[in-house]
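Structure first, commentary second.
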Amino acid sequence: MTHDGVCADGGASAAPIRVERLEVRRGHLVCQVAFGNAPRVTSPQLMSRVLAEVPTLARHACVNERGTAFAAVMDCTPLPHLLEHLVVDLQVRAEAGQWLTLPGVAAEAPPHVAGATSDHPIVGTSEWLDEAAGIARIDVSFADDLVALRAMRDSVAFLNKLLRG
């Protein structure tokens with residue numbers, strides 16, 4: 001399934017981050033995300049605010065040039081990389097029955113994950129397609145496509161709230 005023009009923030013065109021295109025493929029979600037006027041990299045200040053809500057991010061396994069955990073690069077990593085890890089984190093929490101409602105996200109019932117736990121870890125990749133234009137591709141695996149879609153939507157809304165102040 002492919003959908004163009006999806007705005008994860010309810011269509012607010014002024015949002016710093018917008019999902020422009022998404023594809024639900026077998027076992028993974030591929031999104032083209034526009035970062036508009038958002039910073040291209042994280043900062044220690046931004047990560048402090050993120051970790052206040054999602055402290056588990058620092059411990060994520062992460063293939064990077066400085067170490068084996070996201071903590072090694074999180075204070076200065078591309079913003080799509082942070083979004084990727086937020087989406088993974090929310091899905092892992094859902095599988096464990098511990099859904100996290102992030103600030104900036106409308107309160108809803110936790111997603112129902114009926115037997116969706118996977119023998120495979122939830123993983124992702126992110127890359128700039130055009131860094132100057134702020135266009136990136138984020139690809140995350142999933143056990144449940146609806147949980148992955150909600151995790152992407154909620155993660156984008158959370159980052160937009162933080163970036164707007």
Side-chain angles (χ1 to χ4, degrees), residues 1-42 46 50 53-54 56-57 60-63 70 74 77-96 98-118 120-164:
M1 178 179 91
T2 301
H3 188 70
D4 291 323
V6 173
C7 293
D9 61 357
S13 61
I17 303 171
R18 292 180 306 111
V19 176
E20 293 191 327
R21 178 181 171 89
L22 63 84
E23 295 178 44
V24 178
R25 297 183 182 169
R26 186 178 187 158
H28 62 116
L29 178 66
V30 181
C31 297
Q32 181 171 307
V33 182
F35 287 82
N37 63 355
R40 299 299 184 250
V41 296
T42 60
L46 175 62
V50 170
E53 302 298 334
V54 192
T56 51
L57 282 181
H60 277 207
C62 179
V63 177
F70 186 59
M74 70 184 180
T77 194
L79 206 57
H81 189 207
L82 170 58
L83 179 57
E84 167 201 333
H85 278 271
L86 284 167
V87 173
V88 167
D89 194 87
L90 288 181
Q91 289 187 83
V92 170
R93 286 172 183 270
E95 282 191 1
Q98 301 170 352
W99 184 259
L100 176 65
T101 300
L102 296 167
V105 176
E108 295 180 40
H112 178 66
V113 184
T117 46
S118 172
H120 304 288
I122 303 293
V123 297
T125 61
S126 53
E127 67 177 329
W128 286 114
L129 300 176
D130 184 340
E131 185 175 358
I135 305 296
R137 177 179 27 245
I138 299 170
D139 186 330
V140 292
S141 63
F142 61 75
D144 183 304
D145 59 342
L146 296 178
V147 171
L149 288 165
R150 182 163 168 190
M152 177 62 74
R153 181 199 68 186
D154 288 3
S155 296
V156 167
F158 171 61
L159 285 179
N160 278 333
K161 177 179 178 7
L162 292 182
L163 293 170
R164 287 180 173 143

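The chain is numbered in sequence order, starting from 1. FYI, side chains are in, hydrogens and waters are out, and symmetry mates aren't considered; it's all heavy atoms of this structure.
Nearest approach of Ala143 to Ile122, heavy atoms of both residues: N-CD1, 3.8 Å. Heavy atoms only, all atoms of each residue included: Arg164 and Pro16 are closest at NE-CD, 3.8 Å. The nearest pair of heavy atoms linking Ala15 to Asn160 is CB-ND2, 3.7 Å. When all heavy atoms are compared, the tightest approach of Leu83 to Ser155 is CD1-CB, 3.5 Å. In terms of heavy-atom proximity, Val54 sits nearest to Leu102 at CG2-CD2, 3.5 Å. Of all heavy-atom pairs spanning Phe35 and Ala136, the tightest one is CE1-CB, 3.8 Å.
Side chain of Ser141 to main chain of Gly27: no donor-acceptor pair is present (N/O by atom type, distance under 3.5 Å, no hydrogens or angles). Counting only distance, with no hydrogens or angles, the side chain of Glu84 and the backbone of Ser126 share a donor-acceptor pair below 3.5 Å.
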Which is it for Val33 and Glu20 under the side chain to side chain contact (heavy atoms under 4.5 Å, CB included) test, yes or no, and what are the steps along the way? CA-CA 6 Å; Val33 182; Glu20 293 191 327; over 6 Å; no

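A salt bridge is defined here as a Lys NZ or Arg NE, NH1 or NH2 lying under 4.0 Å from an Asp or Glu carboxylate O, and Glu23 with Arg21 meets this definition.
Partners of Leu146 under the side chain to side chain contact (heavy atoms under 4.5 Å, CB included) rule, at least two apart in sequence or in another chain, are Asp144, Leu149. Residues satisfying the side chain to side chain donor-acceptor pair (under 3.5 Å) test with Arg40, not counting sequence neighbours, are none. The side chain to side chain contact (heavy atoms under 4.5 Å, CB included) search around Val50 returns Leu46, Met47, Leu57, Leu82, Leu86, Phe158, Leu159, Leu162, not counting sequence neighbours. Listed by chain and number, the residues in a side chain to side chain donor-acceptor pair (under 3.5 Å) with Thr42 amount to none (sequence neighbours excluded). Listed by chain and residue number, Val87, Leu90, Gln91, Trp99 satisfy the side chain to side chain contact (heavy atoms under 4.5 Å, CB included) test with Ala151 (two or more places apart in sequence, or in another chain). Among residues two or more places apart in sequence or in another chain, the ring-ring contact (aromatic ring centres under 6.0 Å, His included) test is passed with Phe70 by His81, His85.
A donor and an acceptor atom, one from each side chain of Thr56 and Arg93, are located under 3.5 Å apart.
Looking only at side-chain heavy atoms (C-beta outward), Cys31 and Arg137 stay at 4.5 Å or farther from each other. Glu127 has its side chain out of reach of Pro80: every pair of non-hydrogen atoms, C-beta onward, lies at least 4.5 Å apart. Looking at Leu129 and Gln32, their side chains come closer than 4.5 Å, going by heavy atoms from C-beta outward. Between Val88 and His60, the closest side-chain pair of non-hydrogen atoms falls below 4.5 Å. With a 4.5 Å cut-off on side-chain heavy atoms, Leu29 and Met152 count as touching. Using a 4.5 Å cut-off on side-chain heavy atoms (C-beta onward), Leu79 and Ile17 make contact.
Of the inter-residue distances, the one linking Phe142 atom CZ with Arg26 atom CZ reads 10.5 Å to the nearest 0.5 angstrom.
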